[in-house]
Amino acid sequence: MAPMEPVVPPASGPGRAYLDHAATTPMHPEAVEAMLPYLTGVFGNPSGGHLESRRARRAVDDARQHLAASFGADLGDVVFTSGGTESDNLAVVGGWECRAGRARPPALVCAAMEHHAVLATCRALARRTGAELREVGTGKDGLVDLDALATACTPDVGLVSVMAVNNEIGTVQPIEAVAALVRAGAPNALFHTDAVQAVPWMETAPLTARADLVSISAHKFGGPKGVGALVVGPGVGLRPLLHGGGQERERRSGTHNVAGIVALSAALAVTESSRPATVARVSALRDRLGDGILASVAGTVETGERAHRVAGSLHLRFAGVEAEALVILLDRAGLAVSAGAACSSGAVEVSHVLTSMGLPPDEAASGIRMSLGATTTDAEVDQALAVVPGAVGQLRD
């Protein structure tokens, strides 16, 4: 029997506009170039002792030094992982377990709008251990309810997790105020922030200064998929999820993804050097896109205030339209957008982010995320402005 030909989906290119950068970003050419040698000639296992291993180890060490400097952390406080989901799981489970051990398990606190990598992990940990989980709601502005958070943060709490930037609507959470509430009300708790969506748009060191645990993922800022990091604060204990060779100071066993780690560092360097210009340019594109759709499509509501969102995020709700159907129509018209987080199972379900803001199910089911990035062009915005009104009108008809 002849082997089947691989099915290759059409790539983004001429005639298509990609506005789903919050799901994943195109790799920076510098990141691709940096990782290529470690996919070919420099192939050693960095845990070994010979020359080939030492070359690989040096690359990992250089990347670690760069990340530590970027996040204002010590070298030993950077733990390389397989991405944001593992970093979140390691922070929540590994951090909380270091606070456990008493007769009654310490409570968990998280924002109800957290990425599923945090929310589902907190829920699973609570079910497994009997710990109380306190999910804190969100206001209509997409910001965590600080009064409710203050009530939830009591001395029996072992870990609090509030994301830096929401992955669906792009709101920047008041991390400084959150950290102050955690320190005051839950002095025994570790504070974790999922900063996966923050890196392209915000300085990272201030996050590390306020949180005990910070998660990032390379493919959100021009690096490859399958690699990320968890930045651990000084003196913060962390129980490993993976056991084996004892890599990463026994906090994350497993052979290092050398090529991915090198590319992560290269992508971060590009992001840091170009961030101010990128933020200014993308903000203008986002505003033009949002203003144009709001003006041309009646019954459209923008979710959250732009002043509280990162530059690349635009979330719109179209009255009388099902988001999943609109995503399909727009894809056929050459526009890539999403109806929420990219990490969902594919099942059609109402956004937990929008319901945490108090929106009724019909409104929550009408939301579309358009996320711009460093490679977004004026032409892509023009294409979105051209096709969205017709697609919405077709569904309403």
Side-chain angles (χ1 to χ4, degrees), residues 11-29 31 115 142 163-172 195-203 217-223 225 267-268 270-297 300-318 323 326-327 330-331 333-343 353 367-389 391-392:
S12 289
R16 287 194 62 82
Y18 182 76
L19 296 183
D20 200 18
H21 289 258
T24 197
T25 55
M27 283 189 66
H28 289 304
H115 189 284
M163 65 199 327
V165 174
N166 183 261
N167 54 295
E168 189 167 334
I169 63 174
T171 44
V172 180
V196 166
Q197 296 288 345
V199 176
W201 313 110
M202 299 168 56
E203 294 293 330
S217 185
H219 75 105
K220 304 296 188 180
F221 53 90
K225 301 173 185 66
L268 182 60
V270 175
T271 298
E272 290 172 324
S273 64
S274 61
R275 189 185 282 130
T278 297
V279 168
R281 185 181 68 84
V282 172
S283 292
L285 289 175
R286 187 270 314 273
D287 291 348
R288 183 163 75 86
L289 176 62
D291 292 342
I293 293 176
L294 289 168
S296 61
V297 183
T300 303
V301 177
E302 188 168 358
T303 308
E305 299 176 12
R306 292 181 193 173
H308 295 153
R309 296 204 311 268
V310 291
S313 180
L314 177 67
H315 191 279
L316 300 172
R317 308 194 305 277
F318 299 93
L326 182 55
V327 169
L330 293 176
D331 184 45
L335 177 62
V337 299
S338 73
C343 304
V353 171
I368 291 292
R369 179 182 74 180
M370 298 180 183
S371 49
L372 293 68
T375 60
T376 301
T377 65
D378 280 293
E380 288 178 303
V381 171
D382 291 339
Q383 183 167 344
L385 290 171
V387 302
V388 169
V392 173

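Quantities reported herein were computed from a predicted structural model and do not represent experimental measurements. The analysis underlying the following values was restricted to heavy atoms, covering all of them including side chains, and did not include hydrogens, waters or symmetry mates.
Nearest heavy-atom pair, Ala339 versus Glu168, reported as atom, atom and distance to 0.1 Å: O-OE2, 4.3 Å. Here the shortest heavy-atom pairing between Thr300 and Leu294 reads O-CD2, 3.6 Å. Scanning both residues, Ala323 and Gly367, for their nearest heavy atoms gives CB-O, 3.2 Å. Residue Thr24 comes nearest to Tyr18 through the heavy atom pair O-OH, 2.7 Å, listed as atom of the first residue, atom of the second, then distance. What you find for Lys220 and Pro200 is that their closest heavy atoms are O-CG, 3.2 Å. The nearest pair of heavy atoms linking Asp382 to Arg288 is OD1-NH1, 2.9 Å.
Here Asp378 does not pair with Arg281 in a salt bridge; the nearest charged N to carboxylate O distance is not below 4.0 Å.
Within the 4.5 Å cutoff, no side-chain heavy atoms of Thr375 are placed close to those of Glu380. Side-chain contact between Trp201 and Val165 is absent, with no heavy-atom pair separated by less than 4.5 Å. Residues Val388 and Ile368 form no side-chain contact, since every pair of their non-hydrogen atoms from C-beta on lies 4.5 Å or further apart.
Atoms OG and CG, on Ser338 and Asp331 in that order, are 11.5 Å from each other to the nearest 0.5 Å. Note that CZ of Phe221 is 10.5 Å distant from CE of Met27, once rounded to the nearest 0.5 Å. Here Thr171 contributes atom OG1 and His308 contributes atom NE2; the two are 9.5 Å apart, rounded to the nearest 0.5 Å. One distance of note links OG of Ser371 with CD of Gln197; it measures 7.5 Å at 0.5 Å rounding. Summarising the geometry, atom OG belonging to Ser217 is positioned 10.0 Å from atom NZ belonging to Lys225; distances are rounded to the nearest 0.5 Å. Atoms CD1 and CZ, from Ile169 and Arg309 in turn, are 8.0 Å apart once rounded to the nearest 0.5 Å.
In this structure, Gln383 contributes its side chain and Gly15 its backbone to a donor-acceptor pair below 3.5 Å. Within the 3.5 Å criterion, the main-chain N or O of Leu314 finds no donor-acceptor partner in the side chain of Glu302. For the pair Arg275 (side chain) and Val199 (backbone), a donor-acceptor distance under 3.5 Å is present. The backbone N or O of Val279 sits less than 3.5 Å from a side-chain atom of Ser283, completing a donor-acceptor pair. Judged by distance alone, the side chain of Ser296 and the main-chain N or O of Pro389 form no donor-acceptor pair under 3.5 Å. Between the side chain of Arg286 and the main chain of Val310, a donor-acceptor pair closer than 3.5 Å is present.
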Apply side chain to side chain contact (heavy atoms under 4.5 Å, CB included) to residues Leu316 and Val297 and explain how you reach the verdict.
CA-CA 11 Å; Leu316 300 172; Val297 183; over 6 Å; no
